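A short worksheet on the structure shown next.
This one's a predicted model, so the numbers in the text were calculated from it and none came from an experiment.
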Amino acid sequence: MAEHYQVAIVGSGPCGMSAGGRASEQNMSHVVLERTDHLSDTIYKYQKGKHVMATPDILPLRSSMAFDAGTREAILGKWDEQTDKLGVNVRYNAEVTEISGEKGSFTLTLKNGETFTAEHVVLGIGLQGNLRKLACPGGDWEGVQYQLDDPDEYEGENIVVIGAGDAAIENAVALAKNNNVYIINRRDEFARAKDGNRNLIEAAIENGDITCYHSADPASVSPGKLTLTVPDGEAEVECDRIIARLGAVAPRKFVESCGIEFPSKDPASLPELSPQYESNVPGLYIVGALAGFPLIKQAMNQGYEVIEFIRGNDIKPADEPLLEEMFKALPGGRSVDEVITHIRENVPLLRSLTPLQLREFLLDATIHVPNANDVIFERNDYTNSFFMIVEGSANIHIDENDPSIKVTVGVGDFFGEIGLIAGRRRSATVNAAEPSFLLESPRRSMIKLINSVEAVERAMNEVALVRQLRTYLLPSLTDEAIQPVLETAEVRAFKSGKVLFKEGDADDGVYLIRKGSVTVSRRIGGKDIVIAYVPAGHYVGEMAFLTRARRNATVRAAINTETIWLESESFRQMVDASPELRSEVERRLLTRVIESESMHTRPEAGNIIQFLVEQGVGEATDILLIDETLCVACDNCEKACAETHGGVSRLNREAGPTYARIHVPTSCRHCEHPHCMADCPPDAIHRAVDGEVYIDESCIGCGNCERNCPYGVIQLSSGAPKKPGLFSWMMFGSGPGPGENKVWNKANKKEDGSPKVAVKCDMCLNVPGGSACVRACPTGAAIRVSPEDFFSLSELSARG
Amino acid sequence: MHSSILVFRNFRYLKITLAILAAAILAYAIHDPLGKPNGGTWLGYTLGGLSAALIVWLAWFGVRKRRYGVGKLLLEDWASGHVYLGLSLLIVATLHSGFQFGINVHTLAYALMVLVIGSGAFGLYAYMRYPRLRSVNRGEGALGDVWALVAGMSRDCYEIARDLPDEVYTLVEAADKETAIGGSVWRQLSGKDPKCASTRALQQVRDLAERYSGRDADAARRLVRVLARKVELLTRIRKDIQYKALLDIWLYFHIPLTVALLGALAIHIVTVFLYW
Ligand SMILES: Cc1cc2nc3c(=O)[nH]c(=O)nc-3n(C[C@H](O)[C@H](O)[C@H](O)COP(=O)(O)OP(=O)(O)OC[C@H]3O[C@@H](n4cnc5c(N)ncnc54)[C@H](O)[C@@H]3O)c2cc1C
Ligand code: HEM
Ligand code: HEM
Ligand code: SF4
Ligand code: SF4
């Protein structure tokens, strides 16, 4: 007979453990099933001594267990002690592989075949997933490991690293210092890794520091030996140790196998839950990171709350005070529930959200109550948030030259989507038409929402399309003129490097770039030479369309790009009907012709564009470049950065590639769609009005952004050691002088385990006058450019 | 979009300098003092004051350079003004002295000034010339972690030399242990190391290898290839260090001489007022 419980909790992370604590406190019969042999594996795996932060500060903790900012060790120790004291029934080494049944009688099966039954199940398995294991025969040899804590622990060994991702490369390179290292790559190149890591590993292989087997698959393992299938047969590698870095299997499959539905295939989408965290399977609850709440405190609160809900106790969520505080800005003193209902009624876009989703959405949002004529945002601002009108109305001034041309939007409408989609400057100024109640939602919530609720994506796209056509073609286009084009318009997405159309193809329409950017190239002397770079907000394909000829150039996505495809015939009708549009299209075409002709005679300039695009300039909004013909290597730029940013430079001048005397130092590109933002638990990364991507003080130092940035520009830093003041330096020579931070920082390194946070270039957001690096360059070698400056930049090659 | 300090802002600072010079020369030409022109006339005082102000301003550049994140002007504005106005002193201060040089503290100040300007002029030359050469020497990539590269090559050499006769192995060992990069200021500035152990090893291995045959010859050939690559890399690194040294060395004269100049100038001014 399987053991039976009122509630079975899967996973002992902050949420599962907190749920267990509450259940035990309430004398509910319960079991916590944990895959590993310790509590809270995600936190267990943090770096030794990591300082764990308790964000958001304003959120109260509601749990039977304690949690406060502190070291990983202190927190885990406390939790161990409290689970013990509360008598939480935890089963270790109990990986749940199957959940079946229904409310009242669920059956949970463990990997070892053991089963449990429970009336309710709480799923709190987080997002880390299972490390993928070596599947070949003998893969259970004790010399096989899936993690590497300290590469310096090993010396003089033969070590095989399996995998081709960043983790594998970092391990291999670190181990190669003192060991004989092999790396096994299933493919023939290291395409999945970051540029920096790819260069590292390729150099290491080239120098013979690491031996690489490409296109190789582990066939079998016996103690001390790995057998591989390689393209020309088999190979054997003698080894003392195998480190397999095969990535993790996301928990999604397992979750789906329990009957839980996800709204879309997108990996970022979240399961739909009731306000009580109940999934579409009655009796099966989801909490914590898996439910979309990525912080420890939130997870612990939910663990507590879910037990109360199961006990039939309809408590208010712990975040209620946060909403109350937020809604205080509204006139009329309405209750939280009233406001939420009001929002749901007035904003159709949010109607399809579940109450829990809506709550979470609102917690991330900001409320604005502007008066008539207050500016909400200005044209050319770089902000990327999204606005919804709950009450009142707003005027969108779409024509730069004529402020009287405006579109008025009212209750339930939204705006700001063009900036959100394009990641570029705002294309219009918006102000309140009357006293209003607006909801501003940050980029991350919107992306989550679009990925999780299909209706939102559809509604947004519909409206956005019309507005994008107007914004990018001609603001004064009438609805009637747009209608026929709209009917055939399609959003087409292209992955980085994919071709939109090729030189010599027949004309198939015009592509309006609404996100990303493309390069235009032509075959000259048997080689593809880039002749232009076209960013979002412009169109390509009009040349063949106007001249009714074949494509005379190839257009490729420089980065992941979305276009609005307009069918030729209907577009032609629209152009023919509007002389104004016709001359606009013609004007842009002529500019393009001039540019491309000048590029023709200077293929070197095209190569520079190509190089810069490869360095991520294509998705940059502002990038630091160094003209090597002027740089005297005085490092004053780095010193200025350190001096204006708490002693730690966010820029590495020397590192980074060079082409045609243009050097791209390791420094933030302020991407249109910053990769670093993708997965930041406290949503600490933002974009400021002038495009600066910056990290605020809510950073918890998890390092996700460091991993996600493809350009390696983020570092985790515990801050610079305090240096003696200027006076004592001058009088007594103590400490480093102005600018001399590097050596000082190294010599006075803080001890391991002091809290670290992510730091990166913020384009001197808080320094009056802007970029300290550029301003401190005595020779004018350091410059900041945006993609629009490409052409003038390629002039560099003409000089040099 | 951006330009060197000489053409910066369309020669703004050159224009300012030329205007000052024109005024000074014109005044000197029409000024008709009692006796010989010298520092004691009203024009002498004016030009002296101007020279002193310029020197103090030029010296302040060292402070400004280290005040980060302040000021409306770019540091390049300062640098561009620095070189032009600095050079103009050759004329302004000379006019001030009325070409009256002797063996005294006044002329000492003048001489120091000329030295500072001279070192500055070399610096300017270095700034205009060496970055480009350095960049060309580096080639497309940054040199990267050169130590790791060199160490990697040394390791390869050992690997190959293990199967070769001891005479070769000793050379390889010497090439690894005795090859130095950097070194004394002279060494750095020369950009060469006549006693480079790797270069020596390359030559001698080549000489020895002529006598080898079979597998030994193969290995020796491979060794020569690796050594040649290493020597080539070392040459480039030494050149790189040379350029960097040339970019830096003159400041070791420019700055101390500036300090000396300020001292001498102070004495000059005090003495002329004392002996007035
Ligand atoms: C490097 C890093 C640093 C971070 N720093 C902070 C910070 O400073 N402050 C902060 O608030 N947040 C931080 N976070 C986020 C925080 O770790 C997560 O929000 C939190 O761990 C989520 O808790 P959870 O209970 O939902 O899931 P998890 O903590 O991931 O716990 C899931 C548990 O379930 C177990 N499990 C998984 N599958 C099964 C299965 N099938 N059967 C049985 N058990 C299973 C796992 O072993 C694990 O113990 C950080 C995250 C990372 C990656
Ligand atoms: C406030 C600034 C200055 C004042 C008031 C000043 C004043 C004078 C006076 C009064 C004389 C004439 C002395 C005499 O005839 O015996 C003189 C001469 C001279 N000054 Fe200056 N001076 C100033 C700055 C400078 C500067 C900046 C330099 C150059 C570095 C300089 C270099 C000379 C020289 C070379 C002479 C000629 C010395 C000689 O006659 O033997 N002076 N100065
Ligand atoms: C009497 C005149 C001058 C004085 C007092 C003076 C003083 C200084 C000082 C104090 C610095 C700062 C050095 C540092 O802190 O790194 C400096 C830098 C410099 N000076 Fe001069 N200088 C003078 C004339 C000149 C002239 C005539 C030239 C060029 C023709 C010149 C070229 C430079 C250059 C290129 C720098 C370095 C800029 C940098 O790298 O930041 N100087 N000078
Ligand atoms: S940190 Fe990296 S990903 Fe983020 S904006 Fe900068 S370059 Fe882009
Ligand atoms: S800024 Fe980076 S390190 Fe900091 S919390 Fe966000 S993702 Fe983690």
Side-chain angles (χ1 to χ4, degrees), chain A residues 177 199-200 203-204 206-209 611 625 627-634 636-637 639-645 654-663 665 737-740 764 766-783 785 789 792-793 795-796 799-800, chain B residues 1-9 61 63-80 82-83 123-124 126-136 138-145 148-153 155-156 159-160 226 229 240 243-244 246-248 251:
Chain A
K177 255 190 274 168
N199 295 343
L200 269 181
E206 162 94 29
N207 298 336
D209 293 348
F611 162 74
L625 299 178
D627 180 348
E628 278 204 342
T629 59
L630 295 179
C631 174
V632 296
C634 65
N636 217 33
C637 47
K639 291 173 188 165
C641 185
E643 284 290 331
T644 48
H645 293 87
E654 186 101 46
T658 308
Y659 180 81
R661 313 283 94 86
I662 298 178
H663 177 65
E740 311 300 324
C764 292
N766 300 316
V767 181
S771 300
C773 50
V774 170
R775 287 198 295 147
C777 175
T779 62
I783 49 173
V785 294
D789 305 327
S792 38
L793 196 69
E795 297 291 335
L796 272 180
R799 289 200 289 119
Chain B
M1 179 173 47
H2 70 288
S3 48
S4 80
I5 49 180
L6 291 183
V7 285
F8 190 60
R9 292 205 201 278
F61 181 58
V63 176
R64 173 58 177 80
K65 189 175 165 186
R66 289 170 182 78
R67 298 182 45 177
Y68 301 104
V70 299
K72 278 211 186 65
L73 293 176
L74 303 178
L75 196 68
E76 194 181 3
D77 280 290
W78 280 76
S80 182
H82 186 87
V83 296
L124 180 63
Y127 276 27
M128 291 297 122
R129 179 173 161 81
Y130 296 125
R132 181 182 301 266
L133 292 178
R134 190 164 186 242
S135 176
V136 171
R138 288 186 161 213
E140 290 311 52
L143 281 180
D145 191 349
L149 274 177
V150 173
M153 290 181 179
R155 219 167 323 134
D156 291 350
E159 195 101 334
I160 303 171
V226 180
R229 259 201 292 147
D240 193 65
Y243 292 134
K244 178 70 177 129
L246 284 165
L247 282 169
D248 289 346
L251 272 172

How long is the straight-line distance from [atom2] of [Y] back to [atom1] of [X], given to the nearest 0.5 Å?
X         : Y         : atom1 : atom2 : value
Arg132(B) : Cys631(A) : CZ    : SG    : 13.0 Å
Cys637(A) : Tyr68(B)  : SG    : OH    : 10.0 Å
Cys634(A) : Tyr127(B) : SG    : OH    : 6.0 Å
Thr779(A) : Leu124(B) : OG1   : CG    : 11.5 Å
Arg129(B) : Thr629(A) : CZ    : OG1   : 14.0 Å

Could you tell me which portion of Val632(A) (side chain, backbone, both or neither) has an atom closer than 4.5 angstrom to a non-hydrogen atom of chain B?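 When you check distances to chain B, atoms from both the backbone and side chain of Val632(A) fall under 4.5 Å.
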What are the two closest heavy atoms between Lys244(B) and Ala633(A), and how far apart are they? NZ-O, 2.7 Å
Heavy-atom closest pair, residues Arg775(A) and Val70(B): NH1-O, 3.5 Å
For the residue pair Arg66(B) and Asn636(A), establish whether any side-chain heavy-atom pair is separated by less than 4.5 Å. no
Do Leu75(B) and Pro778(A) come within less than 4.5 Å of each other through their side chains, counting heavy atoms only?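 Contact flag for Leu75(B)/Pro778(A) side chains = yes.
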Can you say whether [X] sits under 4.5 Å from chain A via the side chain, the backbone, both, or neither, judging by heavy atoms?
X         : answer
Arg155(B) : side chain
Arg134(B) : side chain
Val226(B) : neither

Taking Ala79(B), Ser4(B), Gly69(B), Ala151(B) one by one, which has the highest count of heavy-atom pairs under 4.5 Å against chain A? Gly69(B)
